[in-house]
S.K.: 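Okay, handing you the structure first.
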Amino acid sequence: MSSTVRLSTDPFDPAEALRQFAAGVPQAGGIVSFLGQVREGGGVEALELRHYAPLTLPAMEALAARVRERWSLDGLLVIHRSGTMQPGEPIVLVAAAARHRRDAFAAADFAMDHLKSESWFWKREKVAGEWRWIEPRPQDIEDLARWA
Amino acid sequence: MSSTVRLSTDPFDPAEALRQFAAGVPQAGGIVSFLGQVREGGGVEALELRHYAPLTLPAMEALAARVRERWSLDGLLVIHRSGTMQPGEPIVLVAAAARHRRDAFAAADFAMDHLKSESWFWKREKVAGEWRWIEPRPQDIEDLARWA
Amino acid sequence: MALELVFLGRLEDLAGSSGRAVPFAPSLAAVIAALEPDLSAAVKEPRIRYAVNGTLVQGDVELREGDEVAFLPPVSGG
Amino acid sequence: MALELVFLGRLEDLAGSSGRAVPFAPSLAAVIAALEPDLSAAVKEPRIRYAVNGTLVQGDVELREGDEVAFLPPVSGG
């Protein structure tokens with residue numbers, strides 16, 4: 001079981017991260033990944049994620065442990081950016097490798113729903129030169145309820 | 001809407017394919033991908049997929065059209081190998097890019113279930129030097145029933 | 001050459017090759033009847049599907065000179 | 001320096017910085033009472049959570065010299 005959880009304050013290359021992850025799980029038949037990136041368009045000029053070091057990475061690691069416990073995986077990868085990002089830049093990459101496709105899909109989906117709604121990140125967006133903090137979205141709470 | 005459907009008789013590089021796909025959908029917030037690769041271990045020395053040219057690619061394109069119609073996507077990528085593959089080699093890559101995470105997950109999941117069970121590919125495996133044809137798996141039929 | 005036959009999946013092993021040319025026969029049923037007995041029986045199994053010139057057909061159909069007839073066992077996925 | 005306060009998310013804008021040192025106060029409630037009125041009101045909202053030295057706490061807690069107190073508004077995801 002290969003497991004990597006990373007909180008990155010610098011830009012990362014999701015394609016290269018996935019290549020390395022896939023190379024490390026040759027026994028897995030399938031790998032499901034989710035890549036979240038800063039959307040271009042819609043007027044957002046930049047996005048900033050702040051984290052609180054004593055909580056953020058430990059909680060990501062605890063989430064990864066729950067995912068590994070709930071599904072039978074060959075590997076799990078979680079990389080989350082913190083800091084200021086430009087449109088098009090990657091924010092988060094989750095990948096789950098499993099013998100069975102369904103496990104990989106469910107694990108990646110669960111990990112993303114929980115990262116989005118429960119992780120210790122605070123987000124602000126720069127629109128028309130002004131930074132504003134983003135409140136939690138009701139959709140994220142609904143997504144979470146699917147797993148109860 | 002970026003849409004690519006490819007039947008490849010040569011090995012392909014899934015990380016590079018994903019990088020190009022992601023670069024082409026900067027307006028999408030999320031990209032879900034599924035990578036299927038030939039499993040190492042279990043005694044399979046090689047895997048061969050045969051296709052029937054007049055049916056296989058047209059049916060993949062028809063499936064992609066159904067996926068694009070059913071979900072609101074910014075992009076869809078389907079690459080499927082045909083020919084002989086070694087353990088560790090990629091077989092199939094599906095990626096769906098969408099504004100909303102749920103759409104991307106569902107579209108990639110649906111596309112894989114239908115590729116696995118309905119696509120015009122015939123598979124054989126080489127075990128202990130002997131090739132044997134693989135019959136359809138009941139699991140694939142069950143997976144398909146989820147979407148009815 | 002009058003008709004081209006294509007055998008997919010395990011039918012290829014039974015036929016001994018992935019394709020062959022056969023003398024013209026006026027219908028799919030006539031083509032199947034002219035195959036060696038074990039192959040003929042195998043392609044008549046209910047799960048086998050047929051395509052003529054790349055188009056799936058149901059039941060018996062008439063054929064023309066030069067048609068390609070494909071015998072398609074259940075697919076086994078990617 | 002006696003206590004270190006950390007403000008996350010929109011509380012940072014209200015506090016004017018992401019952190020500050022304040023004189024020692026014996027409890028979380030005493031720290032909050034000593035903040036400027038608008039910030040004090042904001043950190044008392046029910047959805048604000050608190051951590052002392054990186055550990056979440058519930059309700060009022062006693063503090064010691066050098067403790068780090070973090071004020072955590074609802075998270076807004078990645």
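Within every chain, numbering begins at 1; the chains are lettered A, B, ... in the order of the sequence lines, protein sequences first and strands thereafter.
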S.K.: Would A/Phe121 and D/Val75 satisfy side-chain contact (heavy atoms from CB on, under 4.5 Å), going step by step from the backbone distance to the final call?
M.R.: CA-CA 6 Å; A/Phe121 288 103; D/Val75 297; 5.7 Å; no
S.K.: For A/Trp122, is it the side chain, the backbone, both or neither that has a heavy atom under 4.5 Å from a heavy atom of chain D?
M.R.: both
S.K.: Are more than 12 heavy atoms from other residues, nucleotides or ligands located less than 6.0 Å from atom CZ of D/Arg64?
M.R.: no
S.K.: Highest number of heavy-atom pairs under 4.5 Å with chain D: which of A/Ala53, A/Ser82, A/Gly36, A/Pro54?
M.R.: A/Pro54
S.K.: Taking atom CD as the centre, does D/Gln58 end up with more than 12 heavy-atom neighbours from other residues, nucleotides or ligands that are less than 6.0 angstrom away?
M.R.: no
S.K.: Rounded to the nearest 0.5 Å, what separates atom OH in A/Tyr52 from atom CD in D/Glu68?
M.R.: 3.5 Å
S.K.: Any non-hydrogen side-chain atom of A/Leu55 less than 4.5 Å from a side-chain atom of D/Leu72?
M.R.: yes
S.K.: With A/Glu16, which residues qualify under salt bridge (charged side-chain N to carboxylate O under 4.0 Å, His left out), at least two apart?
M.R.: A/Arg19
S.K.: Can you tell me how far apart OG1 (A/Thr56) and CG (D/Leu8) are? Round to the nearest 0.5 Å.
M.R.: 7.5 Å
S.K.: Mind checking the CD-OG spacing from A/Glu125 to D/Ser76? Nearest 0.5 Å is all I need.
M.R.: 9.0 Å
S.K.: Mind listing the closest non-hydrogen atom pair of D/Arg10 and A/Trp133 along with its distance?
M.R.: CA-CD1, 3.4 Å
S.K.: Residues two or more places apart in sequence or in another chain: which of them pass side-chain contact (heavy atoms from CB on, under 4.5 Å) with D/Pro26?
M.R.: D/Phe24, D/Ala30
S.K.: Tell me, for A/Glu118 versus chain D, whether the close heavy atoms (under 4.5 Å) come from the side chain, the backbone, both or neither.
M.R.: backbone
S.K.: Check whether more than 12 heavy atoms from other residues, nucleotides or ligands sit under 6.0 Å from atom CD of A/Glu45, and answer yes or no.
M.R.: yes
S.K.: Got a salt bridge between D/Arg47 and A/Glu135, using NZ or NE/NH1/NH2 to carboxylate O under 4.0 Å?
M.R.: yes
S.K.: So for atom CZ, which belongs to A/Arg99, do other residues, nucleotides or ligands contribute more than 12 heavy atoms lying within a distance under 6.0 Å?
M.R.: no
